[in-house]
Amino acid sequence: MNHWLMKSEPATFGVEHLAKKPRRRAAWDGVRNYTVRNMLRDQMKKGDLAFFYHSSCEVPGIYGIVRIVTEGYPDPTAFKRGHAHFDDKSDPKAPRWFMVDVELVRRLRKPIALSTLHANAQTLGELLILKRGNRLSIVPVSAEQWHAVIALE
DNA sequence: GCCAACGTTGGC
DNA sequence: GCCAACGTTGGC
């Protein structure tokens, strides 16, 4: 099983939005970056776990844990003319963009702020989120890092 | 295939 | 609102 960290802006879609969805499930749509697309399409597997990270907000950090409940499949928002994530270069016959469905496992009892992650950089090793200039909205997390992060809760 | 310009991300 | 980082675009 793989572990991941998935970023989203809570003003757009956060843990609270996911908690209100039927069966606490939602599609992780709108990814328009090839590196992340490849992870969604090729590497994420049903049953994988991911941290739900809130970015561009008052206290950036990890707020929840989600489970990947589907393999990657074509992102239909790319085909919807007028949609914010529409991409006319994505052909339904050869989809360019992919997404997975996620299910909220739980909210963290106490969110783990980015500043806390930084403060524990020694323990966490090469956590990709802590790297300067990291702009990928999904990054892999090792099993060791996963447990080290949860221990900070 | 190079690379400058441009756009986006995201912390502060 | 600023700015560093870096992915993407497009001219050549």
Side-chain angles (χ1 to χ4, degrees), chain A residues 2-21 26-44 48-68 71-102 104-142 144-146 148-153:
Chain A
N2 296 313
H3 299 88
W4 307 91
L5 180 144
M6 304 173 80
K7 287 188 216 169
S8 183
E9 299 188 12
T12 307
F13 188 80
V15 164
E16 294 311 314
H17 295 94
L18 186 54
K20 290 192 183 96
K21 294 277 182 183
W28 198 273
D29 62 14
V31 168
R32 296 293 180 266
N33 169 285
Y34 288 103
T35 304
V36 178
R37 186 278 307 271
N38 293 346
M39 288 190 261
L40 288 166
R41 188 188 59 190
D42 306 330
Q43 293 176 251
M44 292 186 113
D48 285 358
L49 294 174
F51 291 125
F52 196 139
Y53 179 92
H54 286 182
S55 64
S56 297
C57 57
E58 200 178 337
V59 183
I62 296 166
Y63 283 75
I65 293 172
V66 299
R67 180 182 296 110
I68 311 305
E71 307 270 306
Y73 63 102
D75 180 346
T77 65
F79 309 133
K80 289 181 185 142
R81 195 165 290 280
H83 191 283
H85 298 139
F86 173 67
D87 179 2
D88 63 359
K89 294 194 278 314
S90 184
D91 177 352
K93 278 170 282 181
R96 175 174 298 201
W97 304 115
F98 285 72
M99 64 186 192
V100 297
D101 289 356
V102 300
L104 183 62
V105 175
R106 65 180 180 89
R107 279 169 269 208
L108 295 194
R109 290 187 294 278
K110 186 165 168 283
I112 303 167
L114 179 60
S115 58
T116 304
L117 295 173
H118 277 297
N120 290 274
Q122 290 286 67
T123 321
L124 300 176
E126 288 271 291
L127 196 64
L128 288 175
I129 185 81
L130 300 179
K131 287 211 174 154
R132 274 169 47 118
N134 168 53
R135 296 173 56 214
L136 299 179
S137 59
I138 301 178
V139 290
V141 173
S142 74
E144 292 76 19
Q145 289 167 341
W146 178 269
V149 169
I150 289 187
L152 298 175
E153 186 181 0

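These numbers were taken from a predicted model, which means no experiment stands behind them. Just so it is clear: chains get the letters A, B, ... in the order the sequence lines come, proteins before strands, and each one is counted from 1.
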*Starting from C1' on B/dT8, measure out to CZ on A/R135 and report it in whole angstrom.*
5 Å
*asked:* Just the rounded figure in Å: distance from P of C/dG7 to CZ of A/R96.
replied: 17 Å
*Can you check whether A/W97 and A/Y73 have ring centres sitting under 6.0 Å from each other?*
no
*Test side-chain contact (heavy atoms from CB on, under 4.5 Å) on A/M44 and A/V102 and set out the steps.*
CA-CA 11 Å; A/M44 292 186 113; A/V102 300; over 6 Å; no
*Fill in the dot-bracket string of DNA chain B, one character per base: . for unpaired, | for a pair to another strand, ( ) or [ ] for pairs within the strand, taking Watson-Crick or G-U pairs under 3.5 Å.*
||||||||||||
*Whole Å only: how far is the CG atom of A/N33 from the P atom of B/dG7?*
18 Å
*Rounded to the Å, how far apart are A/W97 CH2 and C/dG7 C1'?*
10 Å
*Describe, in one word, how the ring planes of A/W28 and A/F52 are oriented to each other, choosing from parallel (under 30°), tilted (30 to 60°) and perpendicular (over 60°).*
perpendicular
*Take the angle between the ring planes of A/H17 and A/F13 and call it parallel below 30°, perpendicular above 60°, tilted in between.*
parallel
*Could you tell me whether A/D75 and A/R32 make a salt bridge, using a distance below 4.0 angstrom between a side-chain N and a carboxylate O?*
yes
*asked:* Is A/K7 close enough to B/dT9 that one of its side-chain N or O atoms is under 4.0 Å from OP1 or OP2 there?
replied: no
*Going through the checks in order, is the side-chain contact (heavy atoms from CB on, under 4.5 Å) test met by A/R37 and A/L40?*
CA-CA 5 Å; A/R37 186 278 307 271; A/L40 288 166; 5.5 Å; no
*So which of residues 51-62 of chain A are in contact with DNA chain B, with a heavy-atom cut-off of under 4.0 Å?*
A/Y53, A/S55, A/S56, A/P60
*asked:* What I'd like to find out is whether the side chain of A/I62 reaches to under 4.5 Å of the side chain of A/T116, using heavy atoms alone.
replied: no
*Sequence neighbours excluded, which residues qualify as salt bridge (Lys or Arg N to Asp or Glu O under 4.0 Å) partners of A/E71?*
A/K45
*For A/Y34 and C/dT9, what is the distance between atoms OH and C1' respectively, to the nearest whole Å?*
11 Å
_Using whole Å, what does the distance between atom C1' of nucleotide B/dT9 and atom CG of A/L5 come to?_
15 Å
*Distance in angstrom units between A/L136 CG and B/dG11 C1', rounded*: 16 Å
*Could you please spell out the steps behind the side-chain contact (heavy atoms from CB on, under 4.5 Å) verdict for A/Q43 and A/W4?*
CA-CA 10 Å; A/Q43 293 176 251; A/W4 307 91; 3.7 Å; yes
*In whole Å, what is the span from the CG atom of A/N38 to the P atom of C/dG7?*
13 Å
